[in-house]
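Comments concern the structure below.
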Protein chains: 2
Amino acid sequence: MTDTAPSRLRGDSLREMVLETALRLFSERGYFNTSVHDIRRAAGVSTGAIYHHFAGKEALAKALYDALLSRMETAVDTACAGQQGCLAQGRAIIARLFELTVEQPRTMQFVLLAQHREFLPQEPPICSSQPFQRMRKVVEDGMSTGEVRSMEPWVAATALFGGALRMMNLQLDQALDRPLISYLDEVVDCAWRAIRA
Amino acid sequence: MTDTAPSRLRGDSLREMVLETALRLFSERGYFNTSVHDIRRAAGVSTGAIYHHFAGKEALAKALYDALLSRMETAVDTACAGQQGCLAQGRAIIARLFELTVEQPRTMQFVLLAQHREFLPQEPPICSSQPFQRMRKVVEDGMSTGEVRSMEPWVAATALFGGALRMMNLQLDQALDRPLISYLDEVVDCAWRAIRA
DNA sequence: GCCAACCGAACGAACGTTCGGTATCTTTTT
DNA sequence: AAAAAGATACCGAACGTTCGTTCGGTTGGC
């Protein structure tokens with residue numbers, strides 16, 4: 001009778017389960033409305049297990065944030081990779097972000113909307129993170145090739161991606177009646193009219 | 001010796017002081033990092049006084065949120081009032097919002113950026129509030145007069161105001177090196193190119 | 001002398017965290 | 001190959017603190 005039983009998780013898979021559960025609860029109810037006991041219960045692990053893998057609640061949130069931001073970074077870079085020019089790259093980024101917003105709303109909720117500085121005081125604002133820097137670079141490159149009108153870089157970047165980010169916001173607030181992806185062409189069209197040469 | 005002393009506040013002025021202090025602390029450290037005791041101390045009032053004017057911490061936050069949202073509503077409506085056409089109205093709204101962001105960053109921080117649903121579970125998302133409805137209406141009117149290209153209303157609204165809202169975001173995160181107002185013309189120009197007929 | 005407005009010490013609940021103990025895996029010894 | 005020893009991973013009851021809130025008492029205007 002070598003039953004493997006519903007053998008409780010151990011090691012890395014336990015760690016993953018804790019992170020997954022924490023993401024679900026943090027994005028559903030917010031960091032401060034989620035206690036370590038809630039995570040413990042929902043993940044089916046012990047308090048000690050959580051504190052074995054993470055130094056505390058804040059460290060858990062930081063580990064989660066870093067992992068998700070890094071995933072988003074990869075997604076943005078990969079989307080850009082195959083594309084030439086500001087329009088194509090911008091479109092690819094927006095398309096990928098729209099996909100992520102639909103496929104992993106919790107991730108986007110936690111990374112884009114949550115006010116991290118309230119529970120991760122050391123963290124720089126999200127706008128200075130790698131993915132956002134990358135977006136600004138795309139626009140600046142477009143400006144130096146003449147594809148984009150010459151203008152203030154901040155304005156150009158917010159003009160290209162601001163509308164898309166707000167559409168993602170609306171999707172996460174469930175304000176849209178059609179699938180987010182179906183707005184993609186019009187969103188990109190608008191954004192491009194705003195900054196093209 | 002009828003010294004009026006530094007006579008402690010009473011009545012409505014005490015209530016105002018509590019609201020003001022709460023706004024300062026909520027926007028600086030966030031709702032959950034601010035205890036009622038913190039507000040009590042910072043405002044120089046007693047616990048009982050707070051609970052005399054507000055049913056609890058959440059009710060205090062709601063009163064504050066309602067007051068600020070109503071102020072913002074007035075600001076948007078007033079800005080629109082003297083203007084004719086989508087471009088003029090949109091520009092006036094953005095200009096006023098930029099001013100408010102600089103003059104009352106705490107208000108904008110609390111109203112626009114904070115995740116209210118975490119501490120006011122009953123509250124609808126900010127995008128369904130009056131000021132945002134008004135912004136969408138401006139765009140839709142512009143579309144029916146032919147000033148704005150015919151397109152999906154949500155896309156048009158986010159295209160017109162999305163860039164400006166992100167610029168306000170950057171200002172609140174102190175990412176900009178020039179005064180926010182100085183970007184106004186370029187922001188409006190971009191937004192208008194995005195949706196004009 | 002009445003009533004609303006205000007006071008603040010005290011309270012129970014919930015939170016993040018600890019820590020002595022146990023289970024499981026790894027290495028060493030026989 | 002089996003047993004012993006050691007190390008790592010996990011367990012969960014319990015702890016100290018802080019929080020939002022209460023409530024019997026006090027003040028001040030009318």
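All values derive from a computational prediction rather than experimental measurement. Here is the naming used below: chain letters follow the sequence lines, and residue numbers restart at 1 for every chain.
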Side-chain contact check for A:His37: nearest option of D:dA14, C:dC7, D:dG20 is D:dA14
Distance check needed: C:dA5 P versus B:Leu9 CG, whole Å only. 15 Å
Interatomic distance, B:Ile50 CD1 vs D:dC19 P [rounded to whole Å]: 13 Å
Between A:Glu140 and A:Lys137, does the salt bridge (Lys or Arg N to Asp or Glu O under 4.0 Å) criterion hold? Intermediate values first, please. CA-CA 5 Å; A:Glu140 281 168 37; A:Lys137 187 169 183 324; over 6 Å; no
Taking the minimum atom-to-atom distance to the side chain of B:Ser46, which one of D:dC10, C:dC7, C:dT18 wins? C:dC7
Could you state the NZ-P distance from A:Lys57 to C:dC15, rounded to the nearest angstrom? 8 Å
Starting from the 5' end of DNA chain D, give me the residue, B:Gly48 or B:Arg10, whose nearest nucleotide shows up first. B:Gly48
Counting heavy atoms from C-beta on, name the nucleotide in C:dC15, D:dC19, D:dT22 closest to the side chain of B:Tyr51. D:dT22
Would you classify A:His53 as touching base, sugar-phosphate or nothing, given that sugar-phosphate means primed atoms plus P, OP1 and OP2, and contacts are heavy atoms under 4.0 Å? sugar-phosphate
Begin with the C-alpha distance, continue with both residues' side-chain angles, and end with the deciding distance and a verdict on side chain to side chain contact (heavy atoms under 4.5 Å, CB included) for A:Val148 and A:Arg196. CA-CA 4 Å; A:Val148 173; A:Arg196 69 182 173 196; over 6 Å; no
By nearest atom, which of the nucleotides D:dC11, C:dG16, D:dC19 is closest to the A:Ala49 side chain? D:dC11
Roughly how far, to the nearest 0.5 Å, is the CZ atom of A:Arg24 from the OG1 atom of A:Thr107? 13.5 Å
Atom CZ of B:Arg41 and atom P of C:dG8 are separated, to the nearest Å, by 14 Å
Between the CD1 atom in B:Ile50 and the CZ atom in B:Phe54, the distance rounded to the nearest 0.5 Å is 8.5 Å
Between atom CG in B:Leu14 and atom C1' in D:dG29, what is the gap in whole Å? 16 Å
Should the pair A:Arg178 and A:Tyr183 be classed as cation-pi, given the thresholds of under 6.0 Å to the six-membered ring centre and 45° from the axis? yes
d(CE, A:Met17; P, D:dA9) in whole Å: 19 Å
Could you give the CZ-to-C1' distance, from A:Arg40 to C:dT18, as a whole number of Å? 15 Å
Under 4.0 angstrom, heavy atoms only, what part of the nucleic acid is A:Thr47 near: base, sugar-phosphate, or nothing? base
Please give, in whole Å, the distance from C:dA23 P to A:His52 NE2? 17 Å
